[in-house]
Amino acid sequence: MNSNLKKYVYIIRHAKSSWAQPLMSDHNRPLNERGFRDATFMSGLLLSNGFKIDKIVSSTANRAKTTASYFSKVYNREVNLEKKLYHGEPDDFMEIMYEQPEDVKALAIFGHNPGITYFANMIKPAVTDNIPTCGIVICTVNTDIPWENISIQDMYLEQILIPKKPVP
């Protein structure tokens with residue numbers, strides 16, 4: 001699916017987390033069984049549909065890091081951790097993009113709601129009221145725009161993949 005004329009940005013919400021230990025800190029919460037299943041499925045779905053990933057950046061929260069690790073294994077990429085993605089807002093996602101070298105053509109950013117839903121709706125107004133757990137917002141930008149100069153207006157929302165309706 002990746003074209004030489006486009007950069008790809010995947011904004012991925014962490015998979016379903018466990019509430020088995022309600023007193024556990026939010027940052028440390030693990031995935032539940034469905035979360036593990038969805039992370040496995042969605043990472044394979046992205047790869048099987050021809051989408052490439054050059055770099056992975058994740059929130060430091062356990063559930064986001066764990067979700068990113070499934071994509072890391074499928075794509076053979078390391079997971080780079082970024083504190084500002086924990087409860088990150090659209091500006092935080094943009095800052096991660098600005099920091100990328102030009103050899104990165106496909107960037108996966110793992111984070112949380114409500115920031116991911118806000119981001120999707122900034123790119124394409126009223127596209128969704130919720131990006132569900134393990135949902136993937138697939139965006140493109142023309143490659144002639146350097147990462148450091150990308151704005152929301154330069155981005156195109158290609159599609160949203162979700163575990164319950166995985167057809168791209």
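We're numbering straight along the sequence, starting at 1.
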Inset, instruction - State plainly whether one hydrophobic cluster holds both Tyr156 and Ile11, where clusters connect Ile, Leu, Val, Met, Phe, Trp and Tyr through side-chain heavy atoms under 4.5 angstrom apart. - result: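 Each belongs to a different hydrophobic cluster.
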
Inset, instruction - Say whether Ile160 and Ile152 are linked into one hydrophobic cluster, either directly or through other cluster members, by side-chain heavy-atom distances under 4.5 angstrom. - result: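 Per the 4.5 Å side-chain linkage, Ile160 and Ile152 are co-clustered.
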
Legend entry - Qualifying residue, where the test is side chain to side chain contact (heavy atoms under 4.5 Å, CB included) with Ile138 and the options are Ile12, Val9, Leu46, Leu157: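 The residue from Ile12, Val9, Leu46, Leu157 that satisfies side chain to side chain contact (heavy atoms under 4.5 Å, CB included) with Ile138 turns out to be Leu46.
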
How long is the span from the [atom1] atom in [X] to the [atom2] atom in [Y], to the nearest 0.5 Å?
X      : Y      : atom1 : atom2 : value
Leu85  : Asp92  : CG    : CG    : 6.5 Å
Cys139 : Phe93  : SG    : CZ    : 10.5 Å
Lys52  : Arg77  : NZ    : CZ    : 10.0 Å
Ile145 : Glu102 : CD1   : CD    : 10.5 Å
Ser69  : Glu78  : OG    : CD    : 13.5 Å
Ser58  : Arg63  : OG    : CZ    : 10.5 Å

Legend entry - Donor + acceptor pair across side chains of His14, Thr133 (<3.5 Å):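 Not at all, the side chains of His14 and Thr133 share no donor-acceptor pair under 3.5 Å.
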
Inset, instruction - Taking all non-hydrogen atoms of both residues into account, name the closest pair between Ile56 and Ala68 and its distance. - result: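 Ile56 and Ala68 have their closest heavy atoms at CG2-CB, 4.0 Å.
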
Legend entry - Non-hydrogen atoms of Ser59 and Ala64 that approach each other most closely: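 What the structure gives for the nearest pair is CB-CB, 3.7 Å.
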
Determine yes or no for a side-chain-to-main-chain donor-acceptor pair under 3.5 angstrom, with [X] supplying the side chain and [Y] the backbone.
X      : Y      : value
Asn149 : Pro146 : no
Asn62  : Asn28  : yes
Tyr75  : Leu47  : yes
Ser18  : Pro30  : no
Asp54  : Lys105 : yes
Asp38  : Pro163 : no

Would you mind reporting whether [Y] and [X] have side-chain heavy atoms less than 4.5 Å apart?
X     : Y      : value
Tyr10 : Phe110 : no
Thr66 : Phe36  : yes
Met94 : Met155 : yes

Give the table of side-chain donor-acceptor pairs shorter than 3.5 Å for residues 114-123, with sequence neighbours excluded, one pair per line with atom names and distance.
{"from": "Thr117", "atom 1": "OG1", "to": "Asn113", "atom 2": "OD1", "distance (Å)": "2.9"}
{"from": "Thr117", "atom 1": "OG1", "to": "Asn113", "atom 2": "ND2", "distance (Å)": "3.2"}
{"from": "Thr117", "atom 1": "OG1", "to": "Ile131", "atom 2": "N", "distance (Å)": "2.9"}
{"from": "Asn121", "atom 1": "OD1", "to": "Ala126", "atom 2": "N", "distance (Å)": "3.3"}
{"from": "Asn121", "atom 1": "OD1", "to": "Val127", "atom 2": "N", "distance (Å)": "2.9"}
{"from": "Asn121", "atom 1": "OD1", "to": "Thr128", "atom 2": "N", "distance (Å)": "3.2"}
{"from": "Asn121", "atom 1": "ND2", "to": "Thr117", "atom 2": "O", "distance (Å)": "2.9"}
{"from": "Asn121", "atom 1": "ND2", "to": "Thr128", "atom 2": "O", "distance (Å)": "2.7"}

Inset, instruction - Report the C-alpha separation of Thr140 and Lys7 in whole Å, then their side-chain angles, then the decisive distance to 0.1 Å, and conclude whether the side-chain contact (heavy atoms from CB on, under 4.5 Å) test is met. - result: CA-CA 5 Å; Thr140 57; Lys7 291 178 181 167; over 6 Å; no

Inset, instruction - Report, as yes or no, whether the 6.0 Å neighbourhood of atom NZ on Lys65 holds more than 12 heavy atoms from other residues, nucleotides or ligands. - result: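 Counting other residues, nucleotides and ligands, NZ of Lys65 exceeds 12 neighbours.
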
Does this structure show an ion pair linking [X] with [Y], if we count only N-O contacts that are shorter than 4.0 Å?
X     : Y      : result
Glu89 : Lys84  : no
Lys6  : Asp144 : no
Lys55 : Glu99  : no

Inset, instruction - Please step through side-chain contact (heavy atoms from CB on, under 4.5 Å) for the pair Lys16 and Leu31, ending with a clear verdict. - result: CA-CA 6 Å; Lys16 192 79 173 161; Leu31 297 183; over 6 Å; no

Legend entry - Working for side-chain contact (heavy atoms from CB on, under 4.5 Å), residues Leu107 and Trp147: CA-CA 11 Å; Leu107 174 66; Trp147 285 110; 4.1 Å; yes

Inset, instruction - Identify whether NZ of Lys or CZ of Arg in Lys73 sits under 6.0 Å from the centre of the six-membered ring of Phe71 and within 45° of that ring's axis. - result: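 No; the conditions do not both hold, so Lys73 does not lie above the ring face of Phe71.
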
Inset, instruction - Begin with the C-alpha distance, continue with both residues' side-chain angles, and end with the deciding distance and a verdict on side-chain contact (heavy atoms from CB on, under 4.5 Å) for Met42 and Leu161. - result: CA-CA 8 Å; Met42 294 301 283; Leu161 299 176; 3.7 Å; yes

Inset, instruction - Quick one: sort the Tyr86 and His112 rings into parallel, tilted or perpendicular, breaks at 30° and 60°. - result: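 Ring orientation of Tyr86 relative to His112: perpendicular.
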
